[in-house]
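Read the structure below first, then the notes.
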Amino acid sequence: MLFMIPLSYNVRSLLVRKTTTVATALGIALVVFVLASSLMLAEGIKKTMVSAGSASTGLVIRKGSDTELSSGTEQKNVALVLAAPGVKKDGEGTPIGGGEIVIVAALDKLGTDGQVSNVQIRGVPGNVMKYRPNARIVDGRPAQPGTNEAVVGAGLRGRFRGLDIGQSFDLRKNRPLNIVGVYEAGGSSFESEVWADIDTLRNAYGREGLVSSITAQLESPSKFDAFRGAVENDKQIGLEAQRENAYYEKQSEGTSIFITALGTLVAVFFSIGAMIGAMITMYAAVSQRSREIGTLRALGFSKFAVLFSFLFEAFLLAVVGGLVGAVASIGMSFVKFSMMNFTTWQEISFNFEATPGILGSAILFGGLMGVVGGFFPAVRAAQTNPISAMRA
Amino acid sequence: MSDDAKDEAPSDEESGSGNGSAGPPIIELKGIGKTYYRGKERLDVLKDLDLTIAEGSFEALMGPSGSGKSTLLNLIAGLDTASTGTIRVAGADLNAMSDGERAKWRASTIGFVFQTYNLMPVLTALENVELPLLLTNLGSAERKTRAKTALKVVGLEDRMDHHPRQLSGGQEQRVTIARAIVTDPKIIVADEPTGDLDRENADEILNLLDKLNQEFNKTIVMVTHDPAAADRATQLRQLDKGALK
Ligand SMILES: Nc1ncnc2c1ncn2[C@@H]1O[C@H](COP(=O)(O)OP(=O)(O)OP(=O)(O)O)[C@@H](O)[C@H]1O
Ligand SMILES: [Mg+2]
């Protein structure tokens with residue numbers, strides 16, 4: 001036997017004080033909403049970035065560069081890398097892979113007055129769809145290799161001036177790119193790029209004979225070590241091989257940690273207000289019901305039973321608020337969000353990604369706010385002197 | 001009366017007034033003092049008070065306002081502790097017990113009836129009566145049965161699903177009495193149980209207390225200002241300025 005005050009006493013007491021209960025629960029709901037949303041955003045960023053890469057694809061950049069953007073190596077090394085052991089070959093014995101060049105262009109963002117934002121443009125060889133099997137044209141047609149045609153990722157389409165089928169924009173003065181198609185790439189960050197012909201891009205920027213990175217499909221994920229060994233063997237060439245998914249995970253880390261930290265900070269800041277709200281509500285409840293508490297103590301319920309009863313009441317109040325906040329945050333998963341990736345300085349669009357873990361921990365955080373805010377009121381309730389409470 | 005008869009005359013405590021069956025002492029207070037301090041001012045509410053109450057007795061405690069009646073009742077009920085003296089109630093030395101021990105002891109030994117009823121407004125009559133049984137080892141079904149039986153004793157079994165605000169003052173007080181007897185305590189303490197009731201309802205409550213004393217052999221200690229209530233008791237005591245007259 002627990003010798004506890006029945007929980008229905010707390011549930012019904014909350015229902016009796018509808019207005020204060022709802023107001024307090026909403027405060028907690030807001031905090032849980034903020035927390036859950038930012039965790040969902042961080043999760044969405046991670047998922048978008050990580051899904052760009054595959055474990056059975058090798059990505060080679062210059063040793064010491066953190067990103068493709070800052071990397072560069074000679075075109076002749078592409079053939080060397082593609083000849084390394086473990087690289088998958090097609091029916092004709094041609095290795096599946098290629099060298100790419102990555103640059104960033106500032107384009108006019110639509111729907112803003114003259115705001116400019118960075119867009120990543122990838123110069124790709126003709127066989128790009130072969131070594132990026134999750135990419136496919138969903139509208140228009142593929143770009144003709146060796147021309148100034150380009151395809152735009154679904155995440156960027158229509159969001160910048162010139163980035164839609166039939167439109168064009170200037171890479172540099174008199175160096176236009178014509179958009180002829182739209183591609184999807186499994187919701188990954190590749191969808192936030194423009195893919196153009198590698199030579200057209202190199203000519204426009206005077207970077208003939210150079211590539212930023214070399215991508216190679218491997219026969220299996222287990223072949224990576226052999227591939228890497230061969231690629232990094234020649235210290236003179238100075239190349240570094242990574243699994244493609246590991247590379248993109250690293251690219252997303254900074255941003256997702258930043259979002260998580262910012263969201264947690266804001267939530268913690270808000271939660272102070274919500275906890276004070278819960279505390280005020282519970283103090284009011286304790287003083288309103290001091291006669292009831294005194295009676296319970298007279299009847300023989302222990303101080304601990306009273307303490308637990310009011311802590312439970314605060315917890316219940318907060319968990320209900322937390323549930324409301326969590327359910328509201330699920331609504332955010334229908335919202336697309338676009339922001340700068342601080343590692344690559346590139347606009348990427350994300351989804352808020354709801355997971356059971358995120359929702360569960362946000363609700364638990366709400367309940368915790370109730371317990372913390374309700375603690376001192378519950379202690380006061382437990383200290384109620386039955387005689388003076390019933391005299392009043 | 002002859003001199004012989006006078007010598008053999010039984011004392012008050014042994015015979016009572018013939019209502020309840022007076023038994024061995026169940027409440028024994030010796031040299032009880034209760035002092036409050038208001039700043040530097042010392043207030044002796046009870047002074048060197050001795051009191052013995054026999055098991056099965058129905059006691060009425062009267063006296064002017066502020067004379068210490070409630071204070072005395074709270075000491076007997078184990079809600080408060082004396083500043084000096086010893087209190088033995090139903091075999092327990094109350095001054096020697098911790099706060100927690102006294103709470104447990106109250107739950108099993110004392111039934112409370114308050115002037116202002118003090119029911120839980122969000123609980124039904126049945127749930128209110130069941131409340132003290134949550135401090136026993138009884139299962140849910142047995143608790144419900146006993147709570148219903150107690151409501152039957154006070155004639156409110158048809159109101160068990162009503163909330164306090166749906167009941168009259170007299171009915172609320174009857175629910176309180178049901179709650180006081182549901183654990184079958186030895187002693188019932190009542191602080192002005194008819195104070196908020198009209199004559200008719202007051203009489204009904206007094207009839208119930210009478211019944212508890214006579215049929216169920218409960219020892220009852222009742223503080224009252226109502227002379228009609230005091231008449232029902234087997235023993236009337238007057239408190240004045242912290243001393244029994
Ligand atoms: N906690 C306390 N602190 C200080 N004085 C107190 C305290 N409790 C009671 N008193 C005082 O003790 C005295 C006796 O109080 P008590 O409540 O026992 O009187 P009572 O006989 O029950 O009066 P009433 O008939 O009005 O209920 C009063 O003067 C009261 O003011
Ligand atoms: Mg009093």
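Labels below follow one simple rule: chain letters A, B, ... track the order of the sequence lines, proteins then strands, and each chain is numbered from 1.
- Other residues, nucleotides and ligands place no more than 12 heavy atoms under 6.0 Å from the CZ atom of A/F375.
- Smallest separation of non-hydrogen atoms from A/R297 and B/A103: NH1-CB, 4.2 Å.
- The minimum heavy-atom distance linking A/S13 with B/V122 is given by the pair OG-CG2, 3.8 Å.
- Across all non-hydrogen atoms, the minimal contact from B/L134 to A/P6 is CD1-CD, 3.3 Å.
- In this structure, CZ on A/F3 lies 4.5 Å from CG on B/N137, to the nearest 0.5 angstrom.
- B/Q115 does not touch chain A: none of its heavy atoms, backbone or side chain, sits under 4.5 Å away.
- For the pair A/R12 and B/E127, the minimum side-chain heavy-atom distance is below 4.5 Å.
- For B/Y36, the OH atom counts as densely surrounded, since its 6.0 Å shell holds more than 12 non-hydrogen atoms of other residues, nucleotides or ligands.
- Sparse packing is recorded around CZ of A/F376, with 12 or fewer heavy atoms of other residues, nucleotides or ligands lying under 6.0 Å away.
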Original post:
Step by step, would you call A/T295 with B/F114 a side chain to side chain contact (heavy atoms under 4.5 Å, CB included)?
Top reply: CA-CA 9 Å; A/T295 305; B/F114 309 98; 4.2 Å; yes
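- The side-chain heavy atoms of B/D99 and A/K303, taken from C-beta on, include a pair separated by under 4.5 Å.
- Closest approach of B/A107 to A/G300, counting heavy atoms only: CB-CA, 4.1 Å.
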Candidate pair B/D191 and A/M390, rule side chain to side chain contact (heavy atoms under 4.5 Å, CB included), full reasoning
CA-CA 11 Å; B/D191 199 343; A/M390 289 188 298; over 6 Å; no
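- Once rounded to the nearest 0.5 Å, the distance linking CG of B/L123 with OG of A/S8 reads 6.0 Å.
- Side-chain contact between A/L299 and B/L131 is present, with heavy atoms from C-beta onward closer than 4.5 Å.
- Residue contact with chain A, scored on non-hydrogen atoms closer than 4.5 Å, involves the backbone and the side chain of B/D80 alike.
- There is no contact between A/R289 and chain B, counting heavy-atom distances below 4.5 Å.
- Side-chain contact between B/P121 and A/E292 is present, with heavy atoms from C-beta onward closer than 4.5 Å.
- Atom CG of residue B/L79 and atom CG of residue A/N385 lie 8.5 Å apart, to the nearest 0.5 angstrom.
- Of the two parts of B/R179, only the side chain, counted from C-beta on, holds a non-hydrogen atom closer than 4.5 Å to a non-hydrogen atom of chain A.
- A/F304 does not touch chain B: none of its heavy atoms, backbone or side chain, sits under 4.5 Å away.
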Stepwise side-chain hydrogen bond (donor to acceptor under 3.5 Å, both in side chains) test for A/R391 and B/S70: CA-CA 10 Å; A/R391 193 197 296 275; B/S70 296; over 6 Å; no
